[in-house]
Protein chains: 4
Amino acid sequence: MEKLNLRQQKGLETKNRLIDSALKVFSAKGFDASTTKDIAKEAGTTDGLIYHYFKSKEELLWAVVDKHSLIPSLRDAADQTDPDVPLESLLTKYFGQLLHRLNEKTDLIVMFFGEAQRKPQIREYLVSLIEEGLKPLYFLLKDRTALNEEELRLAVRNIQTAMVMYFLLYDRFTRNEETRESYIHTTVQQFLKILG
Amino acid sequence: MEKLNLRQQKGLETKNRLIDSALKVFSAKGFDASTTKDIAKEAGTTDGLIYHYFKSKEELLWAVVDKHSLIPSLRDAADQTDPDVPLESLLTKYFGQLLHRLNEKTDLIVMFFGEAQRKPQIREYLVSLIEEGLKPLYFLLKDRTALNEEELRLAVRNIQTAMVMYFLLYDRFTRNEETRESYIHTTVQQFLKILG
Amino acid sequence: MEKLNLRQQKGLETKNRLIDSALKVFSAKGFDASTTKDIAKEAGTTDGLIYHYFKSKEELLWAVVDKHSLIPSLRDAADQTDPDVPLESLLTKYFGQLLHRLNEKTDLIVMFFGEAQRKPQIREYLVSLIEEGLKPLYFLLKDRTALNEEELRLAVRNIQTAMVMYFLLYDRFTRNEETRESYIHTTVQQFLKILG
Amino acid sequence: MEKLNLRQQKGLETKNRLIDSALKVFSAKGFDASTTKDIAKEAGTTDGLIYHYFKSKEELLWAVVDKHSLIPSLRDAADQTDPDVPLESLLTKYFGQLLHRLNEKTDLIVMFFGEAQRKPQIREYLVSLIEEGLKPLYFLLKDRTALNEEELRLAVRNIQTAMVMYFLLYDRFTRNEETRESYIHTTVQQFLKILG
DNA sequence: TATGAATGAGGTTTCATTCAT
DNA sequence: AATGAATGAAACCTCATTCAT
């Protein structure tokens, strides 16, 4: 591996701190309303340093996107689900995991939805993210349903986007365990009917 | 009513033009990245005039929200749906209307979702909008399903938020009639299973 | 003509003041070392206003070039010279006028020579300026010399560029009438030999 | 002399490389628009190192001036000219050498003319350079002309500054041998008339 | 009502310079 | 000797807002 001396190591930490701070600030205020000073302050440095590590504020945004990719997180939600259990508990567990992961990545997701409406690159990334996010559930279900491929794909997309919306507009503000469980329970029941 | 002389009338027109232009620009660039000059140009006037009609750029945003309420539009989607027809065609028609209305109000909706993540007032409005938007479908269905109130409410919310998401991420970019109809068709089929 | 109200007239004055101030500052410090604040201060306004009238600092530079064109000034130097007088006094008068004009436009010329070495557009303008500047003397002489066209052109260019150099490196710092007259006198004597 | 160990030797090389790189960059962009990073990159090091060898960017400029004196180069132009040959070929050869030397030192000369207009120290150096540069030709000619000292001095200055101007504005961009030879030829013919 | 000149605060970005390693 | 992380001042530029006309 590369040898980094102490100085360089500290530099790398600073760079990472800048990315993390940027995520926090961007998601709180939106990209445009976030100032480089905000971000630097959050990271405990000065704004000039941002330009030592990134070409522009925009590039910092992309560094945030790169570092905090959601996809691994989404895949985990499925991996941690045992495929031998009954569908109902499988789905309950999966959706529980999903909302859990979304909550862990609240900042990032909020930022994505805020910027996606105007930055096409972000929107494309978001769409690919969702497509990617559908796969785990799709593969979990494709051998256990009467729906054909097309139908299953749509069912999975609908249920999952509905859940993201639920997260964005309700769950992340209440963070109430009971409400969430009840929501998941009922949603699973109804989803099972679709799967047949 | 007060009678407006010619000058006042022209003024009112200008004010309305400013609001409409603001909607267009806000939805295209986001509130923060929109400049008063952008808006004025779009309206065919000069930026100074904005401050004759509105206290600030922020106030102009609220004027946009006030003027372009989505609720009537959503209600229409249900009103134009005859309650005596079979559920399937009723839902097909309703969802068709819904996507149609969303497309008509693309600018507004995009703006709402862009700003809702950071302006709490906008988020609250968006939530209330969605709650309001659920009512027509809820009332259309409540006497024709085996689901209890709670279940129906959730089912309606899930299906409808899924559809808004579909609109935001896909439909508004493709605007392909066939794809949309196919989407609606399959979604309705699956929704019918939930309604039982 | 266009009607300008008082406000617009004042605005035009401000714009012109900005251009003149820019010339002063650019020629004193060079383009790169001149700050927009410097220029604004010199003009008695604030730097923001520069961008009301000009797209960028660079565009302000071009506005300076446009407004303070040297060519009319150069042409005048010849126009004021009566073609019926003996060559010697004609040349003496012409060169006197030339140095006089150069002194009047010191700022501009110094700026040109400073920037021409790196801004190709400025260099081209400078070259065209010099070519243009040669014409009056050329037309004054072409019927009164044994030189052919080619030779005369070169003679005129050499003598005139030498004079500009003299101005740039000596005359503009001493501004001593006697020295200048003596320089002109001897130069004319030698130039007459060339003309034959 | 002091003996330099390997490390010191390498250091000296680096310092020289920095000076040469600075010359290149300064002449290309001008002093103000040149960054320490530019210079360091050109030299294959990092900007911090400049401050190990020089107090400031300005001091580096003076180091450039010190190292790259033009005077020896100018003197060479005369030294390589045999005084026994006819004036015409002598002058032809001398001016050929002069343009050749100027081309060799393009960077330096361009930098001088760019900065001379605002840095008085540079201007003084440039003037002294020109005065110095006139001497070789003056001494070459003083016994072979009817002109008195004063007249010869002026003739030499005029012809030589004209030639520098020719170099700055034309020759260095075209670098066309034929054009240059033709220019020199005609110029020499005319200069001979002055010398009488 | 409408214009657009003017302001001033503040944003992104650049850069000479310092300094720990 | 050499690196490059870090600083902080200042540059260019943007823009909401005010206001005289």
Side-chain angles (χ1 to χ4, degrees), chain A residues 5-15 32-40 45-58 60, chain B residues 6-15 32-40 44-58 60, chain C residues 5-15 32-40 45-58 60, chain D residues 6-15 32-40 44-58 60:
Chain A
N5 64 29
L6 211 72
R7 199 88 203 282
Q8 288 171 316
Q9 225 172 71
K10 255 187 79 185
L12 200 62
E13 271 168 41
T14 307
K15 186 178 178 175
D32 289 309
S34 302
T35 71
T36 48
K37 255 194 184 103
D38 286 342
I39 297 164
T45 32
T46 52
D47 49 353
L49 192 57
I50 290 176
Y51 295 84
H52 183 66
Y53 291 111
F54 310 97
K55 269 213 193 75
S56 64
K57 192 179 150 192
E58 174 106 15
L60 175 55
Chain B
L6 208 73
R7 191 162 190 200
Q8 290 172 314
Q9 223 171 71
K10 242 189 94 187
L12 199 60
E13 268 170 42
T14 307
K15 185 176 179 177
D32 290 307
S34 301
T35 70
T36 49
K37 249 194 187 105
D38 284 341
I39 297 163
T45 32
T46 52
D47 50 352
L49 191 57
I50 290 176
Y51 294 82
H52 184 68
Y53 292 111
F54 310 96
K55 264 211 196 83
S56 65
K57 192 179 147 192
E58 176 104 14
L60 175 55
Chain C
N5 63 29
L6 211 71
R7 199 91 203 283
Q8 289 171 314
Q9 224 172 72
K10 252 188 83 186
L12 200 63
E13 270 168 41
T14 307
K15 186 177 179 177
D32 289 307
S34 302
T35 72
T36 49
K37 260 197 178 100
D38 285 343
I39 297 164
T45 33
T46 53
D47 50 354
L49 191 58
I50 289 176
Y51 296 85
H52 183 67
Y53 292 110
F54 310 96
K55 269 213 191 75
S56 63
K57 191 180 150 193
E58 174 105 17
L60 174 55
Chain D
L6 209 73
R7 193 163 187 197
Q8 291 171 314
Q9 225 172 71
K10 243 190 93 186
L12 198 62
E13 268 170 41
T14 306
K15 186 176 180 178
D32 290 306
S34 301
T35 71
T36 49
K37 251 195 184 101
D38 284 341
I39 297 164
T45 33
T46 52
D47 50 352
L49 191 57
I50 290 175
Y51 294 84
H52 183 69
Y53 293 111
F54 310 97
K55 265 213 197 83
S56 65
K57 192 179 147 191
E58 176 104 17
L60 174 55

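Not measured: the values here are computed from a predicted model. By convention in this document, chain letters (A, B, ...) are assigned in the order of the sequence lines, proteins followed by strands, and residues within each chain are numbered from 1.
Summarising the geometry, the separation between CZ on Phe54(A) and P on dA5(F) is reported as 12 Å, rounded to the nearest angstrom. For Ile39(C) and dA11(F), the CD1 to C1' distance is 12 Å, given to the nearest whole Å. In this structure, the CD atom of Gln9(A) is 15 Å from the C1' atom of dG4(F), given to the nearest Å. Atom C1' of nucleotide dA2(E) and atom CD1 of Ile50(B) are separated by 13 Å, given to the nearest angstrom. Rounded to whole Å, the distance from CG on Leu60(D) to C1' on dC15(E) is 15 Å. Note: NE2 (His52(A)) to C1' (dA5(F)) measures 5 Å, nearest angstrom.
With sequence neighbours left out, Asp32(B) forms a salt bridge (Lys or Arg N to Asp or Glu O under 4.0 Å) with no residue at all. For Thr35(D), the side chain to side chain donor-acceptor pair (under 3.5 Å) criterion is met by Asp38(D), not counting sequence neighbours.
Backbone-only engagement by Tyr53(B) is indicated by non-hydrogen atom pairs under 4.0 Å involving sugar-phosphate atoms exclusively.
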Dot-bracket encoding of pairs in DNA chain F, which uses [ ] for pseudoknotted crossings and | for another strand, Watson-Crick or G-U under 3.5 angstrom: .||||||||||||||||||||

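Side-chain proximity of Thr14(B) to the nucleotides dA2(E), dA5(E), dT7(F) is greatest for dA2(E).
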Just list the side-chain donor-acceptor pairs under 3.5 Å for residues 46-55 of chain A, sequence neighbours left out, or say none.
unit_1: Tyr53(A); atom_1: OH; unit_2: Gly11(A); atom_2: O; d: 3.2

Between protein and nucleotides 16-21 of chain E, map the contacts as a letter string: B base, S sugar-phosphate only, - none, heavy atoms under 4.0 Å, written 5' to 3'. SBB-BS

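In this structure, the side chain of Lys15(A) does not engage the main chain of Lys10(A) through any donor-acceptor pair within 3.5 Å.
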